[in-house]
Amino acid sequence: MEQPNPSSLSSPASPTSPLSELVAVRRQKLQAIRDLGIDPFGGLFESTGTVAEVRDGFEEGRCVSLAGRITAYRDMGKSRFLDLSDMGGRMQVYVNAKEVDETSLAVSAQLDIGDFIGVEGECFTTRTGESSIKVRSLKILSKSLRPLPDKWHGVQDPETRYRQRYLDLIANPSSRAIFLQRSAIVREIRRFLDERGFLEVETPMMQAVPGGAAAEPFKTHHNALGMDFFLRIAPELYLKRLLVAGFPKVFELNRSFRNEGISRRHNPEFTMLEAYWAYADFQLMSVLVEELVCHLAVMLGNKDHQVHHRDGEGNVTKTINLSRPWKRASYNELIEAAVPGWFSFDKAGKIARCAELKLDISHCPEEFEMTQHVFEKLVEEKTIDPCFVTHVPKELVPLARLNDADPSKVDVYELIINGQEISPGYSELNDPDLQRERLEHQAGEEQQKIDTEFLEALEYGMPPAGGIGIGIDRLVMLLTGAESIREVILFPHLKQRIQSASSNT
RNA sequence: GGGUUGAUAGCUCAAUGGUAGAGCAGUACCCUUUUAAGGUAUUGGUUCUGGGUUCGAGUCCCAGUCAACCCA
């Protein structure tokens, strides 16, 4: 490890800045602890359990040990109350001058909010009825050298919350809750799929030809091979190779990367679930997704399948009803319902109707693009409860299997919830010649963008299959009520700030 | 890429163009069951950066940086 330069730890730009004074005071306490012959950055501490576990096993007089971070400090002279916190909660500990050993008492005089400590003592209930630990001995495990955010207001500034997520997680319980829920969701998806016989696999994130979606990739370079690679925009073409290999049910739940805009709903790296099921079709996949999402909602405590989104004050702003069965409707039918007579208009009529509806279609030269714009604005954005959109025009989804009865449509669904696309599902195309034709058409001039090794694999024979993709970030937004993707990604991408010489500012 | 809004103490926020304030945190003292502990006193500011207008700018104007939101 690189040794920190001591001069960079104070603030050379402004050695007398208020922050550096606060840091200096903490460093004095650090030294005072060292002067007691104690290492303020301790090692192993064996605790009875987490805060929640100690709380669960609370029994008057029981001896326990507990480690955590000090999040509040109430000094009453000869006795002190500390709040010890971890991810799962808060436990009050009581330090009485008469009841702790001398060293612990001396250390306890040098503590600050933010320090990690370990205590040993017995469970007792205070006069006000709070389960607490009466400390016999106390050990400092890590001295915090910088002041923590306001204990009551937490961190409000979104920039600080994203750049220094650790502060957000320390200070804001609502943020902690989102990431604990995200973790639970991901864990439960894996369990759910495992239970149904799906095999989790890992396929390349660095690909010579980025396929499986239409998106701008990130480029990188492998020195030893002397060749460029792309970060994957989707795992699809490798998962399909595994269908060729004979795995009947596979999934991958991991990161993909798209070199496109950043917004409330887009992060350049995002987490996606893709699952493929041999001999199934898009209808079967839609049932699987429906079961999965409902299962997750119930797991998170939405027993009535109602997911409530709330504002800052906790008032319900939106309720999403996930009760099954979910609505299924064809693309054309939904558009007809939104704009009656839409498909009876010719091109000029459609342009006129869009003008009346105040829809800007200047970027839509083709009729199907106008229709798609109407769909996005008047159907998708207004669909809150789940809806599987089926019988999508083939122009919009060039890689899917054509519908047997109506070859102008493809056998896919687009699942819309809360005004955004959550998951597409396909009956996968397994005709290698047709697939090649479609990819060549899609690539146009840029034939090098075609993954020919994938096409070769298809020629060995891929079973018919159903496939799905689910944007995990958006799914977490949906289930936790987060309004921005940055609220559900621990370290969202922001523009780099110019590094100042001082690490204290 | 375009538009709107914002950046003030470690944190959360105030401040008609006229002496930059409060709460929390910090520091000192009091207090042996407090819990957003309490009481008394107190430290702390390059008002994001750079220009400009003005007798005087946190405040008005211009440019830039970063962020949030909306649009493309």
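Proteins get letters first, then strands, A, B, ... in listed order; numbering begins at 1 in each.
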**OP:** Select base, sugar-phosphate, or nothing to describe what A:F124 touches, counting heavy atoms under 4.0 Å on all strands.
**Re:** base
Original post:
In Watson-Crick or G-U wobble terms, both distances under 3.5 Å, what is the partner of B:rU40?
Top reply: B:rA28
Original post:
Nearest-Å distance, CG (A:L22) to C1' (B:rG44)?
Top reply: 8 Å
Original post:
A:L111 or A:L494: which one's nearest nucleotide on RNA chain B is closer to the 5' end?
Top reply: A:L111
Original post:
Has the side chain of A:D150 got a donor or acceptor that lies under 3.5 Å from a partner of the other kind on the base of B:rG23?
Top reply: yes
**OP:** Tell me what A:D75 touches on the nucleic acid: a base, only sugar-phosphate, or nothing, going by heavy atoms under 4.0 Å.
**Re:** base
Subject >> Nearest-Å distance for atom pair CG/P, residues A:D83 and B:rU34 >> reply: 14 Å
**OP:** Assign each of A:K377 and A:G154 to its nearest nucleotide of RNA chain B by heavy atoms, then name whichever residue's nucleotide is nearer the 5' end.
**Re:** A:G154
Original post:
Which part of the nucleic acid, if any, lies within contact of A:T126, taking any heavy atom under 4.0 Å across all strands shown: a base, the sugar-phosphate backbone alone, or nothing?
Top reply: base
**OP:** Indicate, with a heavy-atom threshold strictly under 4.0 Å, whether A:L167 touches base, sugar-phosphate, or nothing.
**Re:** nothing
**OP:** Go through B:rA25, B:rU34, B:rA68 for me and flag the one nearest to the A:Q92 side chain.
**Re:** B:rU34
Original post:
Under 4.0 Å between a Lys/Arg side-chain N and an Asp/Glu carboxylate O for A:K29 and A:D112?
Top reply: yes
**OP:** Would you confirm whether A:H309, through its side chain, and A:L479, through its main-chain N or O, come within 3.5 Å as a donor-acceptor pair?
**Re:** no
Original post:
How would you label the contact of A:E130 with the nucleic acid (heavy atoms, under 4.0 Å): base, sugar-phosphate, or nothing?
Top reply: base
Original post:
Applying ring-ring contact (aromatic ring centres under 6.0 Å, His included), which residue pairs with at least one partner in residues 87-125 of chain A are found, sequence neighbours left out?
Top reply: A:F81-A:Y94, A:Y94-A:F124
Original post:
Using a cut-off of 4.0 Å on non-hydrogen atoms, how would the nucleic acid contact of A:R264 be classed: base, sugar-phosphate, or nothing?
Top reply: sugar-phosphate
Original post:
Within a radius of less than 6.0 Å around NZ of A:K318, do more than 12 heavy atoms belonging to other residues, nucleotides or ligands occur?
Top reply: yes
Original post:
Taking CG from A:D115 and P from B:rA25, how many angstroms apart are they, rounded to a whole number?
Top reply: 15 Å
Subject >> Distance-only donor-acceptor test (3.5 Å): side chain A:K98, base B:rU32 >> reply: yes
Original post:
Any N or O donor-acceptor pair linking the side chain of A:R127 to the base of B:rU33 at under 3.5 Å?
Top reply: no
**OP:** Answer yes or no: are there more than 12 heavy-atom neighbours, outside A:K139 itself, under 6.0 Å from its atom NZ?
**Re:** yes
**OP:** Using a 4.0 Å heavy-atom cut-off across all strands, classify A:K29 as base, sugar-phosphate, or nothing.
**Re:** sugar-phosphate
Original post:
What nucleic acid atoms does A:R163 come within less than 4.0 Å of, heavy atoms only: base, sugar-phosphate, or nothing?
Top reply: sugar-phosphate
